[in-house]
Amino acid sequence: MEYSEKVMDHFLNPRNVGEIPDPDGSGEFGNPVCGDMTHVYIKVEDGRITDIKFKTFGCGAAIATGSMITELAVGKTLDEALAITRDDVADALDGLPPVKLHCSNLAADALYAAIRDYQAKNKDS
Ligand code: FES
């Protein structure tokens, strides 16, 4: 299986790994295909994601997509971050092998879950 240089870089040197102890929003998503799971934690200020971290119990592609989505989402407004698609993540990594495309769902859907968690907690603000 051929991985791009970007996938290998983010797999071997993942960015923003870990937890935010007191997140404004957090979410997780499990992959029904393989049973793996990714968690995303966000800090939000003035409607923008100011900090984001992820943890995954997934394969190399799940690590790389988790890492890449943190880089794509940081600094974005919540609406801009919700507009990041699974394909955007795969494209930013110069593609994923077809059998690994399902792995990019983890990062994107965990990010959406974290944003929805934040929005549910801040409905009245
Ligand atoms: Fe489970 Fe990739 S095989 S996330």
Side-chain angles (χ1 to χ4, degrees):
M1 194 179 316
E2 284 281 314
Y3 285 114
S4 72
E5 274 179 35
K6 273 197 192 165
V7 171
M8 290 309 295
D9 178 33
H10 281 264
F11 166 52
L12 294 171
N13 309 290
R15 282 55 147 187
N16 305 307
V17 175
E19 270 179 55
I20 295 175
D22 185 21
D24 294 322
S26 67
E28 61 185 42
F29 187 77
N31 188 328
V33 178
C34 61
D36 292 337
M37 181 158 288
T38 289
H39 298 259
V40 167
Y41 308 86
I42 56 172
K43 279 287 199 192
V44 179
E45 264 172 54
D46 297 330
R48 272 183 199 277
I49 296 175
T50 54
D51 195 12
I52 176 166
K53 291 201 186 299
F54 83 100
K55 276 195 320 198
T56 189
F57 304 92
C59 65
I63 295 169
T65 53
S67 172
M68 179 52 85
I69 210 158
T70 63
E71 293 213 316
L72 292 176
V74 73
K76 294 239 179 2
T77 66
L78 297 179
D79 283 344
E80 287 168 346
L82 281 171
I84 298 170
T85 65
R86 300 161 176 174
D87 287 347
D88 290 337
V89 184
D91 287 350
L93 287 165
D94 292 338
L96 284 166
V99 297
K100 287 288 173 185
L101 272 176
H102 71 271
C103 308
S104 62
N105 300 0
L106 282 184
D109 287 0
L111 170 65
Y112 305 151
I115 293 171
R116 285 195 207 102
D117 178 52
Y118 169 82
Q119 289 172 329
K121 287 176 178 157
N122 293 274
K123 260 191 212 138
D124 304 323
S125 59

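When a residue number appears, it is its place in the shown sequence, counting from 1. Side chains included, hydrogens not; waters and symmetry mates left out as well; all remaining heavy atoms used.
Between G95 and V7, the shortest heavy-atom contact is O-CG2, 3.6 Å. Among all heavy-atom pairs drawn from F54 and A62, the shortest one is CE1-O, 4.5 Å. Across all non-hydrogen atoms, the minimal contact from V40 to A110 is CG2-CB, 3.7 Å. When all heavy atoms of R86 and Y112 are compared, the pair lying nearest together is N-OH, 4.3 Å.
No donor-acceptor pair under 3.5 Å is formed between the side chain of D36 and the backbone N or O of T56. Of the possible polar contacts, one joining the D24 side chain to the V44 backbone as a donor-acceptor pair under 3.5 Å is found. Of the possible polar contacts, none joining the D117 side chain to the A114 backbone as a donor-acceptor pair under 3.5 Å is found.
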Task: Trace of the side-chain contact (heavy atoms from CB on, under 4.5 Å) decision for E5 with D94 - done: CA-CA 8 Å; E5 274 179 35; D94 292 338; over 6 Å; no
- [ ] Determine, step by step, whether T70 and N16 satisfy the side chain to side chain donor-acceptor pair (under 3.5 Å) criterion, reporting the C-alpha distance in whole Å, the side-chain angles of both residues, the deciding distance to 0.1 Å, and the verdict.
- [x] CA-CA 7 Å; T70 63; N16 305 307; 2.9 Å; yes
Task: Evaluation steps, side-chain contact (heavy atoms from CB on, under 4.5 Å), between T65 and H10 - done: CA-CA 8 Å; T65 53; H10 281 264; over 6 Å; no
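In this structure, CG in D88 is found 11.0 Å from CE in M68, a value given to the nearest 0.5 Å. Remark: I42 CD1 to Y118 OH distance equals 8.0 Å, nearest 0.5 Å. Here the CG-NE2 distance, from L106 to H39, works out to 10.0 Å after rounding to the nearest 0.5 Å. Here the CD atom belonging to E28 is positioned 12.0 Å from the CG atom belonging to D109, to the nearest 0.5 angstrom. The CG atom of D22 lies 4.5 Å from the NZ atom of K43; values are rounded to the nearest 0.5 Å. Atom CG of N13 is separated from atom CD1 of I63 by 11.5 Å, given to the nearest 0.5 angstrom.
Follow the hydrophobic side-chain contacts under 4.5 Å out from V99 and you reach L93 in the same cluster. Taken together through direct or relayed side-chain contacts under 4.5 Å among Ile, Leu, Val, Met, Phe, Trp and Tyr, F29 and L101 form parts of separate hydrophobic clusters. Cluster membership check: I115 shares its hydrophobic cluster with L72, using side-chain heavy-atom separations under 4.5 Å among Ile, Leu, Val, Met, Phe, Trp and Tyr. L111 and M37 fall into different hydrophobic clusters, defined by Ile, Leu, Val, Met, Phe, Trp and Tyr side-chain heavy atoms under 4.5 Å apart, directly or through other members. F57 and I20 are not part of a single hydrophobic cluster, where members link through side-chain heavy atoms under 4.5 Å apart.
Between C59 and C34, the closest side-chain pair of non-hydrogen atoms is not below 4.5 Å. Looking only at side-chain heavy atoms (C-beta outward), S104 and L96 come within less than 4.5 Å of each other.
Taking 4.0 Å as the cut-off between side-chain N and carboxylate O, R15 and D9 count as a salt-bridged pair.
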